[in-house]
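This chain uses plain numbering: 1 for the first residue, then up along the sequence. Atom set for the values below is all heavy atoms of this structure, side chains included, hydrogens, waters and symmetry mates excluded.
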Amino acid sequence: MDFGKAKKKMWYVWVDDERPVPEMDRDKYAVIICRTYAAAIDAIRLLAETNEAFIIDLDHDLGEKKTGYDIAKYIVEHDVRKVNVFVHTMNPVGRHNIVQLMEHYGYTS
């Protein structure tokens with residue numbers, strides 16, 4: 001096998017305090033599961049510092065004071081650019097707020 005031509009996996013950061021990660025092609029994605037705001041920020045920092053492109057999939061309500069919206073604000077405030085943001089929350093107001101923030105600053109999914 002020629003490892004030089006092996007396809008690299010895309011990082012997929014799943015942020016949700018309760019839900020399991022959805023079924024996906026594990027040959028295509030390397031999944032990081034974050035159950036808290038702090039864990040998500042740690043993952044974002046690591047991926048941004050190593051200049052890795054990644055997908056982050058946010059829930060709004062994380063069962064703590066900080067929310068998915070706070071994570072979205074962190075991404076914007078720290079100008080993390082190699083990221084695609086998705087929102088899977090069941091909270092319609094939280095979804096709207098995250099989507100509006102990301103679109104306002106030029107992030108699209």
Side-chain angles (χ1 to χ4, degrees):
M1 175 175 204
D2 183 358
F3 289 103
K5 293 186 179 183
K7 185 171 181 178
K8 184 178 175 186
K9 292 182 181 184
M10 170 65 82
W11 289 102
Y12 188 99
V13 181
W14 175 258
V15 183
D16 196 302
D17 63 320
E18 294 181 351
R19 291 180 194 90
V21 178
E23 292 293 321
M24 66 179 66
D25 183 350
R26 296 299 175 116
D27 290 331
K28 186 176 179 182
Y29 298 104
V31 180
I32 300 171
I33 300 170
C34 300
R35 298 292 183 196
T36 65
Y37 169 86
I41 298 307
D42 286 345
I44 293 166
R45 283 182 184 148
L46 176 64
L47 293 168
E49 286 172 6
T50 57
N51 203 31
E52 295 282 343
F54 64 100
I55 295 167
I56 190 164
D57 198 337
L58 298 170
D59 183 20
H60 179 271
D61 305 310
L62 300 176
E64 58 185 356
K65 188 174 182 178
K66 296 284 189 173
T67 67
Y69 183 78
D70 294 302
I71 295 167
K73 285 191 329 188
Y74 179 91
I75 290 169
V76 168
E77 290 168 356
H78 291 85
D79 198 29
V80 177
R81 285 290 165 180
K82 293 181 84 174
V83 60
N84 286 325
V85 179
F86 293 95
V87 184
H88 66 267
T89 187
M90 298 303 290
N91 179 326
V93 174
R95 173 187 301 280
H96 175 78
N97 291 340
I98 294 169
V99 169
Q100 290 297 309
L101 175 71
M102 301 316 287
E103 286 179 354
H104 179 79
Y105 286 96
Y107 292 84
T108 58
S109 56

Could you give me the CA-CA distance, side-chain angles and deciding distance for L47 and I32, then say whether side chain to side chain contact (heavy atoms under 4.5 Å, CB included) is met? CA-CA 11 Å; L47 293 168; I32 300 171; 4.1 Å; yes

Can you list the steps and then say if I75 with L101 is a side chain to side chain contact (heavy atoms under 4.5 Å, CB included)? CA-CA 10 Å; I75 290 169; L101 175 71; over 6 Å; no

Walk me through whether V76 and K73 qualify under side chain to side chain contact (heavy atoms under 4.5 Å, CB included). CA-CA 5 Å; V76 168; K73 285 191 329 188; 5.7 Å; no

Verify side chain to side chain contact (heavy atoms under 4.5 Å, CB included) between L58 and W14, making sure each step is shown before the conclusion. CA-CA 7 Å; L58 298 170; W14 175 258; over 6 Å; no

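Remark: side-chain polar atoms of N91 are paired, donor with acceptor, to backbone N or O of V93 under 3.5 angstrom. In this structure a side-chain-to-backbone donor-acceptor pair under 3.5 Å is present from H78 to Y74. The closest donor-acceptor contact from the side chain of K82 to the backbone of N51 lies under 3.5 Å. Looking only at distances, a side-chain donor or acceptor of D70 sits under 3.5 Å from a matching main-chain atom of T67.
With contacts defined as side-chain heavy-atom distances shorter than 4.5 Å, the pair W11/I56 does not qualify. Here the side chains of Y12 and D57 are in contact, with some heavy-atom distance below 4.5 Å. Residues E52 and K8 have side chains in contact (heavy-atom distance under 4.5 Å, counting atoms from C-beta outward). Between M102 and Q100 the shortest side-chain heavy-atom distance does not fall below 4.5 Å. Residues I44 and I71 are in side-chain contact: their nearest non-hydrogen atoms beyond the backbone lie under 4.5 Å apart.
With rounding to the nearest 0.5 angstrom, the OH atom of Y29 is 12.0 Å from the NZ atom of K9.
At a threshold of 4.0 Å, the pair R35-E64 does not count as salt-bridged, since none of the basic side-chain nitrogens sits closer than that to a carboxylate oxygen. Between D16 and R19, at least one side-chain N (NZ, or NE/NH1/NH2) sits under 4.0 Å from a carboxylate O, which counts as a salt bridge.
Closest non-hydrogen pair, A43 versus C34, comes out as CB-SG, 4.0 Å. Minimum interatomic distance between R95 and T89 (heavy atoms only, all atoms of both residues): NH2-O, 2.7 Å. Residue G68 comes nearest to L62 through the heavy atom pair N-CD1, 3.9 Å, listed as atom of the first residue, atom of the second, then distance. Contact record, D79 with R81: OD1-NE, 2.9 Å, taken as the closest heavy-atom pair. Shown here for F54 and M10, the closest heavy-atom pair between the two residues is CA-SD, 3.7 Å.
Put simply, I33 and L46 are part of two different groups of oily side chains (I, L, V, M, F, W, Y) that touch within less than 4.5 Å, one to the next.
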